[in-house]
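This report refers to the structure that appears directly beneath it.
A note on names: the letters A, B, ... follow the listed sequences, proteins ahead of strands, and every chain is numbered from 1.
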There are 2 protein chains.
Amino acid sequence: MTAAGVQRSLPQPAGFSARGTAFVENSYQGYNPGRALRPSAKVLPEHARTHNRSLVLQTLYRSGQLSRADIARSTGLTRVTVSDLVGEFISEGLIVETGQSEDIRPGKPATLLEINPSAFQIVGIDLSDSSQFRGALLDIDGNIIERREVELSGSTGTEATAKVVKLADELVELSTSPLLGIGVGSPGIVDLNGVVLSAPNLGWTNLDLQAQLISHFGVPVIVGNDANAAVLAEHSFGQAHGDMMLIKLGHGVGAGLLLDGVPLYGSRFAAGEIGHVVVGTHGGLPCVCGKAGCLETWLSVPRLDAALKAADEAGIAKAEVLSDAGTHLGIALAAIVGALNLSEIVLSGPTRILDGPLEEATIETLRSRTMAEFHGNLTLRKTTLGEDIVMRGAAVMVLSGQLGVS
Amino acid sequence: MTAAGVQRSLPQPAGFSARGTAFVENSYQGYNPGRALRPSAKVLPEHARTHNRSLVLQTLYRSGQLSRADIARSTGLTRVTVSDLVGEFISEGLIVETGQSEDIRPGKPATLLEINPSAFQIVGIDLSDSSQFRGALLDIDGNIIERREVELSGSTGTEATAKVVKLADELVELSTSPLLGIGVGSPGIVDLNGVVLSAPNLGWTNLDLQAQLISHFGVPVIVGNDANAAVLAEHSFGQAHGDMMLIKLGHGVGAGLLLDGVPLYGSRFAAGEIGHVVVGTHGGLPCVCGKAGCLETWLSVPRLDAALKAADEAGIAKAEVLSDAGTHLGIALAAIVGALNLSEIVLSGPTRILDGPLEEATIETLRSRTMAEFHGNLTLRKTTLGEDIVMRGAAVMVLSGQLGVS
DNA sequence: TTTGTTTGTACGCTTTACTAACAAAATGAC
DNA sequence: GTCATTTTGTTAGTAAAGCGTACAAACAAA
């Protein structure tokens, strides 16, 4: 079964094509790469409808097992309107009735609703690892059903692009439900249209990966930055709040920012690219970028591994190396935490590096270099999503972009 | 004429009270202290109407002298709808017809429209100066009509509050049109309801200044942080784009952030409070906050004046002191610029300090410590709004909050 | 059995912006 | 001068969206 076959075999009940698709076309929330909420755009009643559709779906997505009346109470919409919207969703197959409430109370028993767990599946792909591309088939709740990898073996350019397609192809073949879309978390600078403006390690420049994948698979595709995907995953599946910065330590050092629940992209789509910010004033090691003392020279995984090995050979405690790295991370973060009044920082990367001294030194440095009373309980912790974080974040991009749900 | 008198004498044509007021109640843009665009809120057709009202007004506010047909082309709404909305505004006195277009072209001549310059006036107040409160009466375009000041003379607490009321009273008396509202830019931490959570220099803690002023004057009042007000002024009246950070050097060091056109408030409403972020790793001067090397110890106006005087006496070049300060500002900003991918930084403060060496050292440090290609043409410049910046920003808060215009 | 409660639906209404059509007023070709 | 063309702004009617009211169904408790 090819991907195009999957798409053609999509059940399209009445109401689906009437609205074009079941997808969000003009939402006030969610992934929103088109920045739909900037002014200079008129709003029609049908946009309100689209918004309220997402609202109903989002409510059910987060709570699960609600009745129409529950949703009405929770959203502020009337039962009549909720019934109407839910009816649409049921005819589209996105919501199913799962029986009656068992509550012992007077009144007609409520009909419980649920998002149809087998309505759609999603393919999420993580291109951030330097040795392999990792992908997964996920259900609508973001659970991983199948995993696949493709060894990169030093491929760059078109060869690397072909491996992305190959990986996606494998996962699409595995799908047992219609595909909601494909999400891709790529390293480097990615614009809001899914064009990879620059990904040095993969040899990509102005690569319109999103358009290529759309034309190949015929399903919605969203390509975004890996750290941005990660921060979305942490927001949806972790315990994160609306103001958060996620630091991703890997081949390089990247970050994703969520401010008041909205991802930050930056004026040149390079928000979070802190790897080549110089930290410290007494020299530092030379960096591939030409400067010296960049954050990456302190914190990238290859550099840290090398430093740990050197320390081992020189008889220096590894903790000292990690602590030093954490201190420098803390110095760089202090200004950012202060400026943004962040309440939460999440670290992602190999546990052998994150555990212990590095984390402790980072938080200690942050405490001593910022105004604690402003950010109250600033928390710094490691992600609980492990190595799946980018794949699951890529799925969130699709869920959010296509259904307005996250 | 008292303020309450002004309010009572407001002309309230038909349509005004029908919609409650002419004011924005649920807008998707503008000042938006209530974060209306977060999810979990339903959208009704009437909300679309409110949005489109603001859209029409905003279009006219920015271009001036447009016909109904022009507005229709610019907004995408139909001429019919625009006529309807404009009709409302005319009956409310907010828009006036100013004659016919002189264009030589076939077709019926266009009736030109303009926002009624005398429909409303605004009071803007700046509490950020340590020696006096400054206020102004502004017209609807943000031009200053009258200025007044009240010497602070060391007043704090209730005494300082009384002086705010006194200053506002004077300005309200001077108004010759109905008052759209009063905007206040206060130092310290101010939450989204206009409660001054903390303003050490004025001795204010959890002071609900906004509510006090509303109950005293009976008109809409918006109290916000001074640096946030400044960044709004720079956005509306300066040449600033949507991604900007404004650094305000005064008694302390504060900043306002505009990201993608939206002000950032922070998880504890303390975004931009960078004064007590430690910069540099070799000690630094002790700060009132207990730490050493805070940004304020390098850049606050009193500290810099003292350092300049000391340099003068010791025969050291003043430029060296200013350059040193700029370098430290650049070090702190580098991490922020990198993380947010900012394209524009604006400095505000006494010209004797900003001119020359400080600005040059800051930009030079930023260039050498960040990845230039990511932020392309990062610009750093001084504001052109001078000492009026906070007052005019306070007016923008009112314009944006009440009319959805900026 | 009666009463009260809760759910989900049917019907009609208001609001909103749209399309279609048209009158008014100008230019320009003849 | 006359007439076609163009542009503006308005009138009339239509479709979509959500609301309020009313009501039947289904259950618990007295």
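- To the nearest angstrom, C1' of dT14(C) lies 10 Å from CD of Glu46(B).
- Asp84(A) has its CG atom 8 Å from the P atom of dA17(D), to the nearest Å.
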Are there any protein N/O atoms within less than 3.5 Å of an N/O atom in nucleotides 26-30 of chain C, and if so, which ones and at what distance?
from	atom 1	to	atom 2	distance (Å)
dA26(C)	N3	Gly107(B)	N	3.2

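- Atom CG in Leu66(A) sits roughly 16 Å away from atom C1' in dG8(C) (whole-Å rounding).
- In this entry the distance linking CZ of Arg49(A) with C1' of dA16(D) reads 8 Å, nearest Å.
- Counting any heavy atom pair closer than 4.0 Å across all strands shown, Asn52(B) reaches sugar-phosphate atoms only and no base atom.
- Considering only side-chain N and O atoms, Ser83(B) lies under 4.0 angstrom from the phosphate OP1 or OP2 of dT10(D).
- Contact check, Arg73(B) against dT7(D): no side-chain N or O comes under 4.0 Å of OP1 or OP2.
- Shown here are the salt bridge (charged side-chain N to carboxylate O under 4.0 Å, His left out) partners of Glu114(B), two or more places apart in sequence or in another chain: there are none.
- Side-chain contact annotation: Asn52(B) with Ser54(B), donor-acceptor N/O pair under 3.5 Å absent.
- Residues Glu92(B) and Ile90(B) fail the side-chain proximity criterion, which asks for heavy atoms closer than 4.5 Å.
- Under the 3.5 Å distance criterion, with hydrogens and angles disregarded, a donor-acceptor pair is assigned to the side chains of Gln121(B) and Thr176(B).
- With no hydrogens or angles considered, no side-chain donor-acceptor pair links Asp84(A) and Thr81(A) at under 3.5 Å.
- Across the protein-nucleic acid pair, Glu88(A) atom CD and dG18(D) atom C1' stand 13 Å apart, rounded to whole Å.
- A salt bridge does not link Arg53(A) with Glu46(A): none of the charged nitrogens is closer than 4.0 Å to a carboxylate oxygen.
- In terms of modelled atom types and a separation under 3.5 Å, the side chain of Gln402(A) and the main chain of Leu180(A) share no donor-acceptor contact.
- Leu57(B) has its side chain out of reach of Tyr61(B): every pair of non-hydrogen atoms, C-beta onward, lies at least 4.5 Å apart.
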Any N/O pairs under 3.5 Å between the protein and nucleotides 18-22 of chain C? List them or say none.
from	atom 1	to	atom 2	distance (Å)
dC18(C)	OP1	Lys42(A)	NZ	3.3
dC18(C)	OP2	Thr78(B)	N	3.3
dC18(C)	OP2	Thr78(B)	OG1	3.0
dC18(C)	OP2	Thr81(B)	OG1	2.6

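- With rounding to whole Å, Ile71(B) atom CD1 is found 14 Å from dA17(C) atom P.
- Distance CG (Asp70(A)) to P (dT6(C)): 12 Å, rounded to an integer number of Å.
- In this structure, the nucleotide among dT7(C), dT16(C), dG9(D) sitting nearest to the side chain of Ala110(A) is dT7(C).
- When the P atom of dA17(D) is taken as reference, atom CG of Leu55(A) falls 16 Å away, rounded to whole Å.
- Side-chain contact between Asp243(B) and Leu258(B) is absent, with no heavy-atom pair separated by less than 4.5 Å.
- One finds no side-chain N or O of Arg53(A) lying less than 4.0 angstrom from the OP1 or OP2 phosphate oxygen of dA17(D).
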